[in-house]
Amino acid sequence: MAGSTAIDLALVARFRQALDRLNPDGEKIGLAVSGGPDSMAMLLLAHEAIPGGFEVATVDHGLRPEAKDECALVVAACEERGVPCEVLSVTVGEGNLQAMAREARYRVLDAWAARKKIKSVSTAHHADDQMETMLMRLNRGSGISGLSGIREWTTFGERSRVIRPVLSFSRAELTQIIAVADLEIASDPSNADASYERVRLRQALQRVDCLDPKGFATSARHIEEADLLCEVAVERWLFENEKPMQGGLRNPAPPDRAMQFPLLEVQFRLMGKQPRGSDLARLLKQLRQGHGGNVAGVLVTVENGDWVFRPEPPRRTG
C-alpha cells in the first residue's frame, strides 16, 4: 500500500538513507511506537519509505489510565495503513520509574522481536533528544563515552538490536510531518513534569534559540568515533595487562593519565555497569590518591599500585 504523498519527499529520502545504513540487508524491521508525535512521525516515514517492510509494537506500561487509549491510537493508525501492530503489556518494577519502565519496555520488545523473527527494532530518538542528552551529561561531568550521547544503533536484550533512523531529524521536522498528515497523537503528561531533569532542561532550552540540534547530532557522531578509538586502545591495554583474580579483576594503573578515565568507562561498561561521569570522576580522584570507592555496585581498590575491581559485597542488615 502506498504511503501518503503529503510528507516532504526529502525527509522520506533521508529516512530511507538512514535505514540503508542501519539495515543494509533490507530485512523486515520493528517499530516501537508510543503514540507520541515523534514515533508516530516515524511510523508515517516508514510507511512511505518501506511499505510492507516493518511491523509495529506499542507498549502499555500500565502506569496511567490513558495508556490503553494511547495504544489504541497506534493500533488505529496502523489499521488504517494496513500495518501489522501488536499491543504489549508490561509490569514496571519499583525504583526509578523511568529507568524501570525503560527496562521493562526493552525486555518485552526483545521478546516480541524474537517471536516475529525481527532482528532490529527502531525507536524515534531524534536530534533534540541527542542535544538534551549531551547537555545533561556535560552538566554531570561525563567523559568521552557519555558525551557520544545516544548511539545510532546498539544491542539490547538477548537477541535484538535497536536502531534510530530519525536521530538526525529535529523535533520540528517530525512535528511538521504530523501536522501535515493531521494525525491524532497522544500526549504524555510526564513530558511536562519538571521533577525530571530532562524536562527541566527542555523547558530551559525553549528560551534559547541559538542552539542547533542537528549540530549536536553531528558532534555526537564525531565524539562516538573518538570514543571507539579510545575503546580500542583501552581494550588492547586490558588484553595486555588485565589479570583475572578470585572474585575480581586486577589492572596496573595506566601511567598515562589520559587513559585513566577512559579505562574506567570501558571497564565498567564491560562489567555491565553505566555509572554517571561525575561518579567516575570522583572515583578516579580517589584512586589517584591511593584510595578506592564503590560505584554502581563495583568496589574498586588500590593494591600494590594496581586497580582491583570486585562486585560490591552485600550490605549487612539488622
What heavy-atom pair brings [X] and [Y] nearest, and what distance separates the two atoms?
X	Y	answer
T123	H125	OG1-ND1, 2.9 Å
A67	D60	CB-OD1, 3.3 Å
M40	A77	CE-CB, 3.9 Å
T58	C85	CG2-SG, 4.3 Å
L167	A217	O-CB, 4.0 Å
I118	S120	CG2-O, 3.2 Å

Are [X] and [Y] grouped together when hydrophobic residues (ILVMFWY) are joined by side-chain heavy atoms under 4.5 angstrom apart?
X	Y	value
V33	I150	no
V75	L109	no
M271	L287	yes
V234	L249	no
M134	W153	no

Tell me whether the NZ or CZ atom of R14 lies within the 45° cone about the ring axis of F169 and under 6.0 Å from its centre.
yes
Side chain proximity check, [X] to [Y], heavy atoms < 4.5 angstrom:
X	Y	answer
R310	T301	yes
R140	E197	yes
M42	F15	yes
I185	L73	no
Q274	F268	no
T133	R198	yes
D38	I178	no
T154	R164	yes

In Å, rounded to the nearest 0.5 Å, how long is the span from [atom1] of [X] to [atom2] of [Y]?
X	Y	atom1	atom2	value
M136	R276	CE	CZ	8.5 Å
D212	T218	CG	OG1	8.0 Å
C78	F54	SG	CZ	7.0 Å
Q17	L19	CD	CG	10.5 Å
L43	L183	CG	CG	7.5 Å
Q130	L135	CD	CG	10.0 Å

Which is it for L264 and W307 under the side-chain contact (heavy atoms from CB on, under 4.5 Å) test, yes or no, and what are the steps along the way? CA-CA 10 Å; L264 289 179; W307 292 353; 3.9 Å; yes
R221/E152 salt bridge by N-O under 4.0 Å criterion: no
| message | Check this for me: does any side-chain nitrogen of one of R137 and E132 sit under 4.0 Å from a carboxylate oxygen of the other? | response | no
Do the side-chain N and O atoms of [X] and [Y] include a donor-acceptor pair separated by under 3.5 angstrom?
X	Y	result
R269	S145	yes
T155	R161	no
S160	D110	yes
H47	R81	no

request  = Test salt bridge (Lys or Arg N to Asp or Glu O under 4.0 Å) on R250 and E242 and set out the steps.
outcome  = CA-CA 6 Å; R250 177 186 291 269; E242 187 171 70; over 6 Å; no
Closer than 3.5 angstrom, by distance alone: can the side chain of [X] be matched with the main-chain N or O of [Y] as a donor-acceptor pair?
X	Y	result
N241	L238	no
D279	V295	no
D25	E27	no
D306	V308	no
S142	L138	no
E173	S170	yes
R200	S195	yes
D20	P24	no
Q260	P254	yes

Kindly check if the number of other-residue, nucleotide or ligand heavy atoms within 6.0 Å of [atom1] ([X]) is above 12?
X	atom1	result
R236	CZ	no
R102	CZ	no
W237	CH2	yes

> Please walk me through it: do L270 and F309 pass side-chain contact (heavy atoms from CB on, under 4.5 Å)?
Replying inline: CA-CA 12 Å; L270 292 174; F309 298 80; over 6 Å; no
Exercise. Show your working on side-chain contact (heavy atoms from CB on, under 4.5 Å) between V121 and I29 and close with a plain yes or no.
Key: CA-CA 6 Å; V121 176; I29 64 171; over 6 Å; no
TODO: For the pair L45 and V12, evaluate side-chain contact (heavy atoms from CB on, under 4.5 Å) and give the outcome as yes or no after the intermediate values.
DONE: CA-CA 6 Å; L45 285 166; V12 176; 4.2 Å; yes
